Number of protein chains: 4
Amino acid sequence: MKKPWQGRFTEKTSRIVESFTESISFDRRLWKYDIEGSIAHAQMLARQGIITHNEAKKITGGLRQIAQEIESGKFSFREDLEDIHMNIEAALIQKIGDVGRKLHTARSRNDQVALDLRLYLRAESGEITSLIQKLQGIFLDLAGQYFGLYLPGYTHLQRAQPVLLSHHLLAYVEMLQRDRERFSDSLKRINRLPLGSCALAGTTLPIDRTYVAQLLGFVETAQNSIDAVADRDFAIEFLSNCSLLMMHLSRFAEELVLWSTEEFKFIELPDAFTTGSSIMPQKKNPDAAELIRGRTGRIYGNLLNLLTMMKGLPLAYNRDMQEDKLPVFDTADTIKACLSVLIAMLPGVVFQTERMQETAGAAYSTATDLAEYLVKKGVPFRQAHELTGRIVLSAIRQNKKLEEISLEEFRKYSPVIQDDIYRRLSVADSVGNKKSLGGTSPSEVKKQIKRLKKLIQ
Amino acid sequence: MKKPWQGRFTEKTSRIVESFTESISFDRRLWKYDIEGSIAHAQMLARQGIITHNEAKKITGGLRQIAQEIESGKFSFREDLEDIHMNIEAALIQKIGDVGRKLHTARSRNDQVALDLRLYLRAESGEITSLIQKLQGIFLDLAGQYFGLYLPGYTHLQRAQPVLLSHHLLAYVEMLQRDRERFSDSLKRINRLPLGSCALAGTTLPIDRTYVAQLLGFVETAQNSIDAVADRDFAIEFLSNCSLLMMHLSRFAEELVLWSTEEFKFIELPDAFTTGSSIMPQKKNPDAAELIRGRTGRIYGNLLNLLTMMKGLPLAYNRDMQEDKLPVFDTADTIKACLSVLIAMLPGVVFQTERMQETAGAAYSTATDLAEYLVKKGVPFRQAHELTGRIVLSAIRQNKKLEEISLEEFRKYSPVIQDDIYRRLSVADSVGNKKSLGGTSPSEVKKQIKRLKKLIQ
Amino acid sequence: MKKPWQGRFTEKTSRIVESFTESISFDRRLWKYDIEGSIAHAQMLARQGIITHNEAKKITGGLRQIAQEIESGKFSFREDLEDIHMNIEAALIQKIGDVGRKLHTARSRNDQVALDLRLYLRAESGEITSLIQKLQGIFLDLAGQYFGLYLPGYTHLQRAQPVLLSHHLLAYVEMLQRDRERFSDSLKRINRLPLGSCALAGTTLPIDRTYVAQLLGFVETAQNSIDAVADRDFAIEFLSNCSLLMMHLSRFAEELVLWSTEEFKFIELPDAFTTGSSIMPQKKNPDAAELIRGRTGRIYGNLLNLLTMMKGLPLAYNRDMQEDKLPVFDTADTIKACLSVLIAMLPGVVFQTERMQETAGAAYSTATDLAEYLVKKGVPFRQAHELTGRIVLSAIRQNKKLEEISLEEFRKYSPVIQDDIYRRLSVADSVGNKKSLGGTSPSEVKKQIKRLKKLIQ
Amino acid sequence: MKKPWQGRFTEKTSRIVESFTESISFDRRLWKYDIEGSIAHAQMLARQGIITHNEAKKITGGLRQIAQEIESGKFSFREDLEDIHMNIEAALIQKIGDVGRKLHTARSRNDQVALDLRLYLRAESGEITSLIQKLQGIFLDLAGQYFGLYLPGYTHLQRAQPVLLSHHLLAYVEMLQRDRERFSDSLKRINRLPLGSCALAGTTLPIDRTYVAQLLGFVETAQNSIDAVADRDFAIEFLSNCSLLMMHLSRFAEELVLWSTEEFKFIELPDAFTTGSSIMPQKKNPDAAELIRGRTGRIYGNLLNLLTMMKGLPLAYNRDMQEDKLPVFDTADTIKACLSVLIAMLPGVVFQTERMQETAGAAYSTATDLAEYLVKKGVPFRQAHELTGRIVLSAIRQNKKLEEISLEEFRKYSPVIQDDIYRRLSVADSVGNKKSLGGTSPSEVKKQIKRLKKLIQ
């Protein structure tokens with residue numbers, strides 16, 4: 001088969017350069033979108049009288065046949081045909097003859113590949129968004145299921161204040177909600193039709209790009225042909241959104257790893273989602289969580305890859321840009337796999353309620369409540385804070401819990417302290433009274449569950 | 001001065017750790033936002049009866065004085081007070097006495113620093129957006145000024161088809177427009193009030209976060225206190241938007257470098273924006289453009305810095321997160337400087353119109369038009385393309401331009417070619433006939449200028 | 001087939017986690033090294049009396065059979081067996097029965113995979129080094145072939161001073177030489193045997209690690225079992241070395257792209273290594289060079305991937321580390337492909353000697369020689385430099401070349417200028433007189449060619 | 001003050017470009033190296049008769065005076081003089097008059113800045129290496145001090161097998177040793193003199209670069225003038241070495257954070273190296289460790305910055321390369337601060353020996369020893385492993401420790417088990433018997449301490 005551009009050339013393409021420059025080994029994944037775009041393009045060509053309706057019909061029919069062949073695994077991709085576009089076009093010509101040679105009228109591989117990638121990313125963004133939504137649902141289910149269970153809230157990985165486990169889990173629902181917002185924001189920019197920009201300058205043929213946009217469900221038509229073929233913002237945005245999402249997942253994965261240690265012992269992971277050691281049979285390794293955490297580097301690397309690749313490229317298309325596909329594909333696959341594993345695993349996680357309740361109240365975790373108690377009694381915050389610090393220090397030295405300090409001793413520090421202090425130092429009151437908007441009290445958390453449930457529908 | 005948390009500690013903080021952990025050397029830049037936030041916080045505390053109105057007045061007055069002192073350079077920041085929050089609070093207490101100790105009621109440095117950074121990024125996003133807008137305006141001015149001037153359009157840095165210089169410049173207006181869209185999208189997520197989340201769990205005191213949000217012009221209130229102090233998405237989004245913007249600038253910078261070479265010679269940069277060599281006096285170096293290109297790495301590095309830092313951090317706040325500020329500050333400064341330099345430099349760039357006109361038509365740049373001519377005469381695209389290729393090859397061998405080929409010779413390749421071909425091979429026709437939406441024809445480019453002018457107002 | 005660690009587990013491994021955690025789809029590439037390591041291990045076990053010599057023989061025989069099966073494509077890898085280690089062990093047991101169950105004595109997958117990756121990287125480093133050497137040879141050949149040809153030397157992409165093309169090409173030989181040094185330095189750290197560290201603590205069995213090291217050609221034995229299984233420095237070093245190498249290649253690729261533009265026109269790339277456009281038949285795109293440049297981002301991304309992955313991992317092995325393989329494999333493959341393409345392409349590059357000669361002397365490129373002429377006549381450098389600047393400016397204004405300035409006019413600037421100035425302003429003298437060590441004079445460049453030829457043998 | 005290259009220019013440099021392009025605000029740090037290099041250069045110029053010995057004396061004297069002024073803070077740096085080179089040269093001319101104008105003979109800022117940065121990196125590499133050595137010493141001291149103390153060895157953050165704390169600490173000594181090796185390897189490539197390459201082509205003046213190399217203590221002289229000014233490998237290598245070092249520190253920092261949690265409770269950090277919370281007085285936050293971990297992103301970002309900046313730059317010098325300094329300076333400072341904090345903090349860390357001893361033996365951590373016991377009695381490894389798994393599972397179900405299983409029960413699983421099993425299941429025996437090279441037995445660890453002590457002297 002001749003290359004589409006071979007007219008001008010006298011030597012044969014070197015075999016080594018063929019396999020160096022080919023993209024069919026990976027861009028074959030775009031076949032569905034390539035065909036979808038070509039069908040819309042052919043319909044427009046016919047509508048505009050650039051080809052006949054009969055020709056469009058033959059082309060469309062041929063393309064649909066090819067789609068079936070690919071789907072059923074019968075299509076054989078050829079490296080010497082370089083990319084998915086040429087593979088499909090060549091097959092089309094073989095199937096329907098000369099008419100097939102008209103399909104590439106008023107377009108170029110430059111705008112075609114930009115189209116395919118946008119269609120792909122639109123679909124993937126949709127799938128990812130719906131997986132995020134599912135994961136949010138599972139967090140919300142857990143928040144409902146374990147409602148009322150306490151967890152030590154951490155800062156600096158030191159126990160700080162008791163919180164509701166549900167409250168902690170909702171923090172992830174919020175993060176994921178922002179992730180969805182970002183994918184949705186970026187969709188606006190994915191949804192712009194590049195086709196019809198041709199190589200870079202547009203065409204002298206009377207095409208109708210708005211009609212193609214309509215057929216393909218694009219919201220807008222890219223308005224500058226040079227930019228349209230030179231632009232990969234939409235791919236980088238996608239990778240950037242995925243990096244943030246992956247960062248969130250890595251934080252939760254880290255918590256799963258920590259929580260399933262012997263030391264924390266807050267959860268037991270379902271057997272089916274852990275593996276053992278080939279030499280230490282007693283171990284139950286949180287592999288899935290570790291791999292999610294570990295794959296964060298992969299997504300970051302993919303983002304950096306594209307950013308580096310695009311740096312300093314003069315307009316319009318440069319062959320460097322062919323390198324956009326692998327990192328994008330790898331990222332979409334990895335993200336979907338990570339989300340799916342969490343969706344499958346989380347419902348089976350068993351929270352060790354007894355251990356969590358017990359630790360939530362330990363380590364002077366209600367000291368802040370003592371400070372706020374003093375504030376309410378009129379002590380300026382900084383003094384209240386310092387007093388509390390001294391009380392805690394004395395308690396540590398006596399190896400006492402806060403609630404084991406006698407009222408007499410309390411009052412040595414401040415006479416405003418009264419009998420009601422003891423209730424205030426309980427975990428139940430500490431959590432229950434944090435009724436500020438977004439705070440950890442059951443009443444507030446309940447509100448948030450309700451709000452978020454609505455958001456994810 | 002005592003540390004705010006010193007009650008519990010028995011040893012003095014090591015000097016080495018003090019200078020290792022301090023942030024005042026860089027977070028002092030946030031002073032304006034810290035004070036703005038504190039004033040709003042104090043007003044809310046008074047409104048809710050947590051402090052008296054008189055106390056709030058004193059606090060507010062003290063803070064305003066401090067603001068003046070900082071503005072006029074009279075304030076002396078102290079490293080042993082660690083950060084901007086403690087520097088200001090300590091000064092306040094010194095100024096207004098014990099009342100100052102009440103300001104930190106119902107907040108924590110965790111939610112305070114998140115607030116300050118959001119206020120900072122809101123302001124910076126605004127400034128950057130308005131600089132982008134100015135730069136768009138300058139591109140549009142140039143597009144107007146040089147309307148009608150041809151430029152060789154490039155793909156693979158090979159001359160492909162003639163385009164209007166204006167069309168090429170508008171491609172950057174489009175990129176910058178997407179940049180503005182992104183900053184605007186991210187603003188939604190910056191504009192969420194974290195204050196009142198306290199350390200991580202909220203507070204038992206009867207605060208009104210919605211009121212604070214109102215006072216500070218926030219659109220929403222962060223709804224989960226754990227997430228609110230653990231979240232740095234907004235900073236990463238900012239860096240990611242800046243990375244894309246910087247990538248765009250690097251592409252234009254590359255073109256400025258190329259265009260001002262002896263070889264391209266499309267532009268002459270204004271003397272004031274180039275430098276000479278200390279040993280080669282004849283040179284005129286495009287330093288500003290090179291530095292813009294070079295600083296791209298810096299912004300990418302800052303993005304990676306934050307992504308790496310946040311990876312795998314358990315909730316909620318961890319001290320690692322203090323590292324968010326330097327990359328964010330450096331990015332905002334660098335971006336604003338790069339935009340400002342372009343804004344100042346571009347109006348002085350002199351396009352070498354003669355050279356550009358001449359090259360736009362060279363190198364068989366209208367070959368595509370020949371192909372489309374054939375298509376219009378009924379030749380299937382792929383055949384038209386191959387024929388054109390053969391004609392070009394023969395022309396190269398004879399060292400002829402396309403328009404120097406005789407009609408007779410043309411017709412050897414295809415009998416459909418007629419006398420009208422010669423007009424079609426002119427640059428004027430090649431450009432003028434690309435009337436597809438987004439194409440390079442003057443009529444279409446004029447429309448785009450109009451549309452974009454509206455968009456940037 | 002049971003998992004090796006299944007004794008303790010009650011539930012079956014989830015299918016989704018199986019495919020999420022498997023590595024056989026990519027680590028199968030390590031089969032050769034895995035078997036090589038196992039054979040050495042078995043021989044040691046026998047020598048130490050831990051298994052019998054007969055058992056070792058059976059194991060060795062079985063492994064060699066498996067190697068043949070894999071090599072000939074008859075082996076079927078199973079995802080449910082997770083990784084290459086278990087795939088081979090399971091096949092061994094099936095082949096030779098219970099004796100196969102003894103092979104894993106005194107080792108763990110943790111030290112086994114570290115071994116395999118080290119053996120792989122040793123081999124790849126060797127292959128890459130030898131490709132670099134070949135590429136150096138080709139640069140040296142070109143430097144010999146085109147000896148005497150001038151090129152404008154650039155700084156800031158502005159023509160600065162004429163240099164020998166050979167001198168310019170040798171700059172790449174120097175860079176590549178440093179690359180080889182780095183791969184060689186890193187080899188010291190690759191060449192340390194981890195096997196026998198077992199899971200992390202060593203073993204109670206009387207193994208002889210030094211003997212295994214000997215059998216496998218390792219120079220040293222890793223001396224701390226915890227470190228040995230937790231260490232991936234050697235993989236990151238490899239990626240870092242590849243990043244620097246790729247950066248060098250990207251610079252040359254950029255020059256190939258520039259040099260093959262219509263504007264520079266210094267070279268013509270061989271047809272077989274360029275492609276045409278599907279719509280602009282006259283173009284000859286430097287795709288191979290562009291792709292090399294574009295793939296730089298991929299290698300950088302891989303480096304960042306591993307660095308990010310390893311950040312903050314507690315000792316010893318964590319499952320995250322499984323993610324080390326893909327970026328390492330992809331990097332080695334990409335680097336080898338880029339080197340191979342350059343090796344194949346460069347000999348076919350045609351330098352446009354006329355164009356290069358002509359431009360080398362243009363644009364006042366010998367101004368520095370004028371300045372140095374003045375210095376030799378006693379003018380302080382800074383004055384000489386300033387005078388030269390003024391002379392050039394006046395020449396530009398008169399649209400004259402330097403050598404077209406009359407002696408009289410020259411002497412208005414400085415009376416020390418004499419008739420001999422005209423020879424000094426020729427490109428031949430400018431280049432010929434730069435005899436400082438490392439300078440561009442033919443005599444010096446000849447010396448360097450000789451030195452470098454020796455180095456690459 | 002005139003710019004050195006101002007002769008040719010007609011407009012004044014724009015103020016905005018001046019502040020955009022200046023580097024004096026950061027490269028002033030190189031003053032010492034700039035002067036050192038200039039003194040050596042002047043001495044060579046005199047020796048070669050390019051300037052007189054008297055002139056060299058004046059120059060040298062002037063430079064030494066300037067050095068004193070800078071050291072004592074009396075020197076005022078000027079932004080309009082762009083960089084450190086011009087600031088010093090201008091001051092020299094002001095001080096010693098016209099003679100000062102001769103200093104820049106036969107060099108350029110391109111080779112001068114490459115020289116300065118190499119001298120700087122040589123010094124910093126030395127300081128960092130010596131700090132690493134100190135930190136190794138402290139790890140070794142701790143390993144000696146706590147010799148005999150057990151720690152649970154972890155894989156997947158699950159307790160795996162008991163190890164000696166000393167063994168664990170030595171793992172870091174090994175990592176740091178590799179770091180030192182890398183800095184030392186890179187030093188070879190830093191130690192190459194670029195000076196005398198001038199702008200890019202060498203000089204016609206009879207300089208002696210080898211002599212300058214000698215004076216400045218360089219081991220080699222860069223042999224290609226184009227490469228010498230275009231090369232930043234040495235800076236990237238430095239950043240890459242620092243990234244690996246920082247990754248190691250981040251792993252230890254993570255362990256410090258984990259170990260100082262309430263949950264692990266293996267260590268107590270010295271008060272002086274932690275801070276409290278502004279609202280939770282009971283907390284003791286491992287800030288220093290968190291910041292070390294957090295600053296890893298900064299170093300990675302700096303590495304990526306330089307790699308990105310250098311990507312695709314054509315030879316030789318481009319202004320982009322000015323951007324090399326900030327990431328290098330920031331990295332050296334950060335690394336030295338992190339090392340210094342660890343050096344100061346570690347001796348004060350208190351290991352909670354009781355807690356560590358107790359946990360080291362818990363959680364079936366000697367299961368592997370049971371498996372190896374079976375192997376020694378002739379059970380094939382995989383069977384031994386599976387049997388052990390079943391025994392552990394049964395023990396877990398009965399809530400028994402391994403040593404609480406009766407011999408009778410043991411023998412149900414395998415008749416080879418005898419009374420001696422109980423001793424083998426003790427932590428002391430488990431650790432004590434791992435005598436393989438690099439293993440955790442006290443005898444082996446003692447050997448390693450001895451070996452490493454020698455290495456760090």
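So that the names make sense, note that chain A is the first sequence line, chain B the second, and so on, each numbered from 1. These numbers come from a predicted model, not from an experiment.
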Open item on the list: Within this structure, what is the OH-NZ distance for the pair Y300(C) and K311(A), rounded to the nearest 0.5 Å?
Closed with: 8.0 Å
Task: Inter-residue atom distance I299(C).CD1 - N305(A).CG, 0.5 Å rounding - done: 8.5 Å
- [ ] Please look at I292(C) and chain A and tell me whether the side chain, the backbone, both or neither of the residue comes under 4.5 angstrom of a heavy atom of that chain.
- [x] both
Task: Engaged part of L313(C) at the chain A interface, taking heavy atoms whose separation is under 4.5 Å - done: side chain
TODO: Pick whichever of R295(A), M309(A), R293(A) has the most heavy-atom pairs under 4.5 Å with chain C.
DONE: R295(A)
Open item on the list: I need the residue from G297(A), A253(A), G294(A) with the largest number of non-hydrogen atom pairs under 4.5 Å to chain C.
Closed with: G297(A)
Open item on the list: Just so I understand: if I count every heavy-atom pair under 4.5 Å between each of L304(C), V257(C), L291(C), T296(C) and chain A, which residue has the most?
Closed with: L291(C)
Open item on the list: Looking at every heavy atom in both V17(C) and A288(A), which two are closest together, and how far apart are they?
Closed with: CG2-CB, 4.0 Å
[X] portion near chain C, given a 4.5 angstrom heavy-atom threshold:
{"X": "L307(A)", "result": "neither"}
{"X": "N302(A)", "result": "neither"}
{"X": "F20(A)", "result": "both"}

Please tabulate, for side-chain N and O atoms in residues 335-346 of chain A, each donor-acceptor pair with protein atoms closer than 3.5 Å (sequence neighbours left out).
{"residue": "K336(A)", "atom": "NZ", "partner": "E124(A)", "partner atom": "OE1", "Å": "2.9"}
{"residue": "K336(A)", "atom": "NZ", "partner": "E124(A)", "partner atom": "OE2", "Å": "3.4"}
{"residue": "K336(A)", "atom": "NZ", "partner": "E127(A)", "partner atom": "OE1", "Å": "3.0"}
{"residue": "S340(A)", "atom": "OG", "partner": "K336(A)", "partner atom": "O", "Å": "2.7"}

- [ ] Give the C-alpha distance, both sets of side-chain angles, the deciding distance and a yes or no for side-chain contact (heavy atoms from CB on, under 4.5 Å) between R298(A) and T308(C).
- [x] CA-CA 8 Å; R298(A) 195 155 154 178; T308(C) 305; over 6 Å; no
